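Accompanying notes for the structure given below.
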Amino acid sequence: MPDSTPRPTPPTPAVPLAALLAREDLALRQIAGPVDPPPVVHAAHTSEMADPYPYLLGGELLLSAGVHIPDPADSDAYFDDYVSRIVAAGGAALGFGLAPVHDTVPRALVEACDAHGLPLVEVPPRTTFSAVARAVWQLLAQARLAELRRVTEAQQSLAAAAARPDPVPSVLRQLAQRVGGWTALYGPEGAEIAAAGREPEAPVRDSLTELTEVVRPSGPGTPTSATHATAGTHLAAYALGTGFVLGVVTPAREPGDHTIVSVAAVLLTLLTGEQQSGSGAARTSALVRLLLGSGAEDVAPLLGRGDTWFVVDARRSDRRDRPGPPGTRDPADARLRRGARPDLTHPHPPDLLAATALGAAFGSALIDPVGENVRILVPADREPAPQPGWTLGVSDAVPARQLPAAAAQASRALARARATRTPLVRHSARPALDDLVPRPAARAHARALLAPLAEQPALVETLRTWLSLHGSWDRSAVALSVHRNTVRQRIARSAELLHAELDDPDVRMELWFALRQE
């Protein structure tokens, strides 16, 4: 007795049965079985066997002229068993030819197909089974070409998204668009950290979260992908090999979806390297903060890469940070001159994934996102270069014990880069006046001179930026992300507290000297 286990339809492009019925040269007509959801076929097969089950793979349009039909006395039971076996084999539809054996489709066959939910198509005498099969294969070829084109376009768009300054969110958005659903990235601890597309209902999201746990690494034998269907929705989860998991929700599983999602999974695996895991990123951030604080010389040997380092201070670029053609004025300056208050808050502060992607561009996992900025330690053998979508300030290459001073250099360089709308500004390494004064004495003088501002860091930072930009109110406002009048008020308040005439170049020089010692 042949196995009666239902067979799945093949994961290949399908031809809508309606497309076959629409061919006027075939003159086919569906006379029984469901029309909703629209039936589809994956192949055409001709057989006059009484039990076609062993010869079907699933998804076929089975063509028969009814040669196998016995005496009409047993027709009802025969047709019921015959149709049930086709359904069990995964047959998509039955095409019954009206010649040369039968002039009409047997009534019992129509009833059996209605009872078992199998579409029944009447094939007129003038239409050969070969013509029907050829039409099916033509439509399949068109479907395969369309699928190949869809997958190719998706691969190109996903690769382009991965090259953007915000690669992970861009890949998720592009993937959601290509599969017509919702995508989410789950961190090593199971939390959803990024998502894109049409957000599903809460029960579906909960089901997807549960599915991600199936593929989360837990030992030998853990699957790398898993699928599930719920509430008319298809769910899929893919382990990225870095502790992260990609989840996808689509209305249905379309041909090519698995290939497209697999490409996205590979890209996300590369973008979420091992150093980007939650615990790894936390340790990296803690290490960077330690290196930029006290005791750096004690932990620097743990890094194991070079004796000197650049400190790179970075902020996501927006329209105000990008240089325009020579001689043009930035609209932000015009708004400041008119007294209007622009929105100087960057709309997309960098997240951990964007920060680690920038670190990867510099070949460094030592990153520390701080507010709107990202600070990165880059080995001195890797020269920092401008990066699309970022404004950068770069310090001198210094040994570990001088990293705190280098951090201040990078911060000032970033402020100048933003003020001058330059993609990258480096700290000047030429000898300065403060190199001629012993550092302890210089710091003592700076603390005494700036003591009136000690409790007001906003005034100190505004004064430093304003002096570095030669007293420009507009550029200082842009660099500090405040209104020009705020800069004026802070500078006036600083002058009042310091009892200093800030128009005097000697006073400005002395204050700049003091501010450089901080």
Side-chain angles (χ1 to χ4, degrees), residues 7-30 34-47 55-63 89-95 119 121 123 127-163 170-183 196-198 225 227 229 233-234 236 238 246 248-268:
R7 300 176 185 178
T9 55
T12 57
V15 173
L17 184 59
L20 202 60
L21 298 175
R23 292 279 297 259
E24 295 183 0
D25 58 320
L26 299 177
L28 304 178
R29 184 168 67 97
Q30 183 175 349
V35 294
D36 189 23
V40 296
V41 299
H42 295 262
H45 176 68
T46 301
S47 174
Y55 310 100
L56 299 180
L57 298 176
E60 295 94 345
L61 167 63
L62 178 63
L63 299 170
L94 173 63
V121 175
V123 182
T127 301
T128 65
F129 287 173
S130 296
V132 175
R134 183 169 60 243
V136 170
W137 292 116
Q138 288 173 346
L139 293 171
L140 283 172
Q142 295 173 9
R144 289 192 180 96
L145 180 60
E147 178 192 0
L148 179 60
R149 183 181 296 112
R150 175 177 177 243
V151 170
T152 301
E153 292 175 351
Q155 289 175 333
Q156 293 172 345
S157 63
L158 287 169
S170 294
V171 169
L172 290 175
R173 286 194 298 269
Q174 191 60 231
L175 177 59
Q177 178 181 339
R178 291 293 171 176
V179 300
W182 184 72
T183 60
R198 295 175 294 183
S225 64
T227 61
T233 302
H234 185 267
Y238 296 77
L246 170 64
V248 181
V249 178
T250 54
R253 187 180 178 86
E254 299 293 338
D257 279 358
H258 178 72
T259 302
I260 294 172
V261 177
S262 296
V263 171
V266 171
L267 292 172
L268 290 171

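Not measured: the values here are computed from a predicted model.
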*Does Gln30 use its side chain to pair, donor to acceptor, with the backbone of Pro34 at less than 3.5 Å?*
yes

*Might you work through the side-chain contact (heavy atoms from CB on, under 4.5 Å) test for Leu17 and Val40, ending with a clear yes or no?*
CA-CA 5 Å; Leu17 184 59; Val40 296; over 6 Å; no

*To the nearest 0.5 Å, tell me how far Thr227 OG1 sits from Asp257 CG.*
12.0 Å

*Which residues satisfy the salt bridge (Lys or Arg N to Asp or Glu O under 4.0 Å) test with Arg29, sequence neighbours excluded?*
Glu122

*So, for Leu61 and Gly95, which heavy atoms are closest and what is the spacing to 0.1 Å?*
CD1-N, 3.8 Å

*asked:* Testing the basics here: between Pro251 and Gly180, what is the closest heavy-atom pair and its distance to 0.1 Å?
replied: CD-O, 3.3 Å

*How many angstroms lie between atom CG of Leu246 and atom CG of Leu268, to the nearest 0.5 angstrom?*
6.0 Å

*Just by modelled atom types, is the Leu148 backbone N or O under 3.5 Å from a matching donor or acceptor in the Thr152 side chain?*
yes

*Nearest-0.5 Å distance that lies between atom OG1 in Thr127 and atom CG in Leu63*: 11.0 Å

*Counterpart residues, side-chain contact (heavy atoms from CB on, under 4.5 Å), relative to Val249 (two or more places apart)*: Trp182, Pro200, Val204, Leu208, Thr233, Leu235

*Is a donor on one side and an acceptor on the other found under 3.5 Å between the side chain of Glu60 and the backbone of Ala44?*
no

*asked:* Checking Ser170 now: which residues fulfil side chain to side chain donor-acceptor pair (under 3.5 Å) with it, not counting sequence neighbours?
replied: Arg164, Asp166, Arg173

*asked:* Using the side-chain contact (heavy atoms from CB on, under 4.5 Å) criterion, which residues pair with Ser130? Sequence neighbours excluded.
replied: Thr128

*Distance, nearest 0.5 Å, that separates CG of Leu145 from CZ of Arg150*: 14.0 Å

*Least distance between heavy atoms, Leu140 atom then Val41 atom*: CD2-O, 4.3 Å

_Euclidean distance, Leu20 CG relative to Gln138 CD, rounded to 0.5 Å_ = 10.5 Å

*Apply side chain to side chain donor-acceptor pair (under 3.5 Å) to Ser157 and list each qualifying residue two or more places apart in sequence or on a separate chain.*
Gln174, Arg178

*So do Pro119 and Pro39 actually touch side chain to side chain, heavy atoms under 4.5 Å?*
yes

*Results of side-chain contact (heavy atoms from CB on, under 4.5 Å) for His258 - residues two or more places apart only*: Tyr238, Arg253, Ser262

*Can you sort out the partners of Arg23 under salt bridge (Lys or Arg N to Asp or Glu O under 4.0 Å), two or more places apart, ordered by chain and number?*
Asp25

_Distance-minimising heavy-atom pair for Ala143 and Ala14_ = CB-O, 4.1 Å

*Sequence-distant partners of Val263, side-chain contact (heavy atoms from CB on, under 4.5 Å), two or more places apart*: Gln155, Leu158, Leu267

